[in-house]
2 protein chains.
Amino acid sequence: MSDLTQRQSEILEFIRSRLRDTGFPPTREDIAREFGFSSKTGAQDHLVAIARKGYIELVPGNARGIRLLKGGDEVLSHQFELPLIGSIAAGTPLTAATNVESWLRIDPQLFHPRADFLHRVSGHSMKNANILDGDIVGIHAQQDADNGQIVAAVMPHPKTGEDEITLKRYFRRGRRVTLKPENDAPAYRPIEIELAPADGDSQEQSPFRIAGIYAGLIRPRG
Amino acid sequence: MSDLTQRQSEILEFIRSRLRDTGFPPTREDIAREFGFSSKTGAQDHLVAIARKGYIELVPGNARGIRLLKGGDEVLSHQFELPLIGSIAAGTPLTAATNVESWLRIDPQLFHPRADFLHRVSGHSMKNANILDGDIVGIHAQQDADNGQIVAAVMPHPKTGEDEITLKRYFRRGRRVTLKPENDAPAYRPIEIELAPADGDSQEQSPFRIAGIYAGLIRPRG
DNA sequence: GCGTGTACTGTACCAAATAACAGTACAGAA
DNA sequence: TTCTGTACTGTTATTTGGTACAGTACACGC
């Protein structure tokens, strides 16, 4: 259906999500920041390409002058839908199109705080928090969390090495982070992480990052 | 309905029309030009007033950072909405308009079996089934149930006498029905009910009826 | 009469944002 | 091999747009 390249449709999807979340389109700089470009020209080039293919219209000289053309009513319907995020392709932003398993028709505003995406829980590690295997949790996207909050952490799977989302209760003291499962069984051990010192020049990748905080759940069966 | 002044609602309407037509909000200068102000400060003052009254949100430092809050003309089909049933007015069918507290935008097909209506749980009587106070349960409407299923039972409140919905685990042996809470605390006692003999002419009201079976839940907060 | 809110004009500053120019690198088709 | 398109980095010029400050005028309630 799409004659857009992978990257281009990711960017188009980002524009849609920004419209959904903030009510207005992103700037070139917003796009560059989201995808990790160091220059906004990269974003501009993509926009021109997407516009040339007829998916958006660029209004010259206007800040945020991006108008969606195709799939316009899709934007409206996406207002009450949430992406279900499965596994995470390396180096992609979380809600990139490739990581979206499906869209579920649920009003994001049902959750408090508002949910930005969904994730299906597998396993029983959060049993004591009444989050069960097969539940779909709503996650409010944010980069940090308070002590004791349940977070969606992104970290490589111990065996496959592929990035995945897990729910854990978050505690931090200084540079020491503890991610604690909520299950008394001995198999469930807290994960201890020592954050790299924050010297601006460090190239080191943190072993995990917070994708957001737990904002509620859906249990799809009785 | 509107605590906005004449001028303020004109400006709000202009913002809406711009979003419809161009896909992004107007700038202060756009507004000033439209209404013939010679200075954009006039527009800014109006925006601040409208924001203060809760109709829009201004995102500081962002070009066109205007977000609509109220009055998004949401003409949505009920196809992807479910009624939240609160207390039940005497002699009304369950999903009669009077009993509907609100409509929540959730795809009924998310639940298995499909949900026909929702009900907010109050109390901890189903704690062991991992259904908590404040959870919103999806109910699949049907008149009977299998032994061991969790049902939404309609019965008069012991004090007020008003019909209400409660969740219980359902067991039936002959004419004897047991509605069992899922909580070990001694305060939660099973309810035992003797059904009236089923002679077709009986005018007798059964002391309870099954509104449907539990089909899953939504927990709206983290 | 005084304070408060609405409805503007006019000036000014500066961060936000667009947009153009000059590159590099790589992949696939002609 | 050359050409075209994608996917960027880096720099700079210029405009757009937000916001603060200082006013004027009028209406309304206390």
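Since the model is a prediction, treat every value here as computed from it, not as a measurement. Chain A is the first sequence line, chain B the second, and so forth, proteins listed ahead of strands; every chain is numbered from 1.
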Comparing B:Leu58 with A:Arg52, nearest DNA chain D nucleotide closer to 5' gives the residue A:Arg52
B:Phe37 atom CZ is separated from C:dA7 atom P, nearest whole Å, by 9 Å
From CG of B:Leu47 across to C1' of C:dT6 the rounded distance in Å is 14 Å
The correct set of residues in residues 21-29 of chain B placing a heavy atom under 4.0 Å from DNA chain D is B:Thr27, B:Arg28
Which of B:Lys53, B:Glu13, B:His46 passes side-chain hydrogen bond (donor to acceptor under 3.5 Å, both in side chains) with B:Gln8? Answer is B:Lys53
With a cut-off of 3.5 Å and sequence neighbours excluded, list every side-chain donor-acceptor pair involving residues 211-222 of chain B.
residue  : atom : partner  : partner atom : Å
B:Arg219 : NE   : B:Asp135 : OD1          : 2.8
B:Arg219 : NE   : B:Asp135 : OD2          : 3.3
B:Arg219 : NH1  : A:Asn130 : O            : 2.7
B:Arg219 : NH2  : B:Asn130 : O            : 3.2
B:Arg219 : NH2  : B:Asp135 : OD2          : 3.0

task: Could you check whether the rings of A:Phe14 and A:Phe35 sit parallel, tilted or perpendicular, using 30° and 60° as the cut-offs?
output: perpendicular
Report yes if a side-chain nitrogen or oxygen of B:His46 is closer than 4.0 Å to either non-bridging phosphate oxygen (OP1 or OP2) of C:dT6; otherwise report no.
no
Just to be sure I understand the rule, does A:Gly61 reach a base, reach only the sugar-phosphate, or reach nothing, if contact means heavy atoms closer than 4.0 Å? sugar-phosphate
To the nearest angstrom, the NZ-C1' distance between B:Lys53 and C:dA7 comes to 12 Å
Closest of D:dG17, C:dG10, C:dC8 to the B:Lys40 side chain is D:dG17
| message | Tell me whether the side-chain N/O atoms of A:Arg7 come closer than 4.0 Å to OP1 or OP2 in D:dC8. | response | yes
By ring-ring contact (aromatic ring centres under 6.0 Å, His included), B:Tyr188 pairs with (sequence neighbours left out) none
From CD of A:Gln44 across to C1' of D:dT9 the rounded distance in Å is 15 Å
Taken to the nearest whole Å, CD1/B:Ile31 to C1'/C:dC8 is 14 Å
Once base and sugar-phosphate atoms are separated, protein heavy atoms under 4.0 Å mark nucleotides 22-30 of chain C, 5' to 3', with B, S and - as ---------
Taken in chain and number order and not counting sequence neighbours, the residues that satisfy salt bridge (Lys or Arg N to Asp or Glu O under 4.0 Å) with B:Glu10 are B:Arg7
- Query: Is the shortest side-chain N/O distance from A:Thr5 to OP1 or OP2 of D:dT6 below 4.0 Å?
  - Reply: no
* To do: Answer yes or no: does a side-chain N or O of A:Gln8 lie under 4.0 Å from OP1 or OP2 of D:dA7?
  => yes
Axis-to-axis angle across the helix from C:dG1-D:dC30 to C:dA30-D:dT1, five pairs each end, nearest 10 degrees, ~ 30°
